[in-house]
Asker: 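This is the structure I want to talk about, given as C-alpha cells.
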Amino acid sequence: SDTTLNSTNYNSWLLTLQRNPSICGEIWKTAFKHTLILHKYEEISEELIDQSPDSLQKLVEYICSTKGVSLSELPFTPSFLTKIANKILQFAENSQIEGNGLKLFHILYAFHISKHNYRNAADVMCRCADR
C-alpha cells in the first residue's frame, strides 16, 4: 500500500526495475505512481516514462493538478522539459473540459516566461486567445 512505502524500499525497488526492464508494464506504472507520491522527481527519467505508455500523460496530469509544482522547477533535462511542455500544449489544445485548457495554457505561459522564452510565451497566449 501507499502508506507502507518508504524511501529505502522505493530505492531498492527502482534499482531492481532498472536492472530488469522486461518486467511488466504494470510494475513500471506502480513505480512511476510512487515516484510522484514521494515527490522524487529527480528519479523520473525518460527511461521510466518510456516503460509505461501513459506515464507522460500521468506526469502532465500530476503537474497540472498539483499546486506548488512548477514545470520550470522540476529537475529534468531541457529536452525532457520540452517534451513535457509539448504534451501539455497538446492537452490544452484538445481539452474538451471548459476552463481546463485555460489552466494548461497558463502553466505553459509561466514555464516559458521563467525560461525567458518570451516568443513561446506569446505564442501560447495567442493559441489560448484563438480557443
Side-chain angles (χ1 to χ4, degrees):
S1 84
D2 293 352
T3 57
T4 61
L5 182 71
N6 61 40
S7 291
T8 305
N9 293 344
Y10 169 81
N11 290 335
S12 64
W13 190 36
L14 187 60
L15 184 61
T16 301
L17 287 172
Q18 288 171 338
R19 289 182 182 161
N20 188 3
S22 63
I23 294 177
C24 76
E26 283 302 313
I27 294 176
W28 279 105
K29 285 181 191 178
T30 304
F32 179 75
K33 175 183 162 189
H34 289 295
T35 301
L36 293 176
I37 290 169
L38 293 171
H39 303 286
K40 291 190 165 276
Y41 305 115
E42 66 280 354
E43 300 290 337
I44 298 173
S45 65
E46 290 183 66
E47 178 185 337
L48 183 59
I49 294 291
D50 291 340
Q51 293 298 325
S52 179
D54 63 342
S55 290
L56 183 57
Q57 179 173 341
K58 296 285 185 201
L59 176 61
V60 168
E61 289 170 1
Y62 183 81
I63 290 168
C64 296
S65 68
T66 306
K67 292 182 179 180
V69 175
S70 172
L71 184 58
S72 61
E73 295 172 357
L74 296 174
F76 301 138
T77 64
S79 64
F80 192 45
L81 281 172
T82 300
K83 192 176 187 179
I84 293 170
N86 289 337
K87 191 67 164 180
I88 292 174
L89 181 60
Q90 179 186 354
F91 287 158
E93 290 180 335
N94 296 327
S95 178
Q96 300 300 318
I97 302 169
E98 191 62 36
N100 192 36
L102 278 177
K103 181 180 178 184
L104 299 175
F105 282 115
H106 286 276
I107 289 170
L108 281 174
Y109 174 78
F111 169 68
H112 290 305
I113 289 294
S114 72
K115 297 295 183 186
H116 306 288
N117 193 338
Y118 305 113
R119 183 174 295 194
N120 283 354
D123 180 56
V124 165
M125 285 293 102
C126 286
R127 288 176 187 231
C128 181
D130 286 344
R131 270 189 112 227

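Side chains included, hydrogens not; waters and symmetry mates left out as well; all remaining heavy atoms used.
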Asker: Going by an N to O cut-off under 4.0 Å, is there a salt bridge joining Arg127 and Asp123?
Answerer: yes
Asker: Quick one: CD1 on Ile88 to NE2 on His106, what's the gap to the nearest 0.5 Å?
Answerer: 13.5 Å
Asker: Taking side-chain hydrogen bond (donor to acceptor under 3.5 Å, both in side chains) as the test, write out the residues that go with Ser114, two or more places apart.
Answerer: Ser72
Asker: Got a second to check how far Asn94's CG is from Leu89's CG, nearest 0.5 Å?
Answerer: 9.0 Å
Asker: Tell me, do Phe111 and Leu81 make a side-chain contact under 4.5 Å, heavy atoms counted?
Answerer: yes
Asker: Nearest 0.5 angstrom please: Asp130 CG to Phe105 CZ, how far?
Answerer: 8.5 Å
Asker: Which pair of heavy atoms, one from Ala121 and one from Tyr109, lies closest together, and at what distance?
Answerer: O-CD1, 3.5 Å
Asker: Please identify each residue that fulfils side-chain hydrogen bond (donor to acceptor under 3.5 Å, both in side chains) with Asn86, with sequence neighbours left out.
Answerer: none
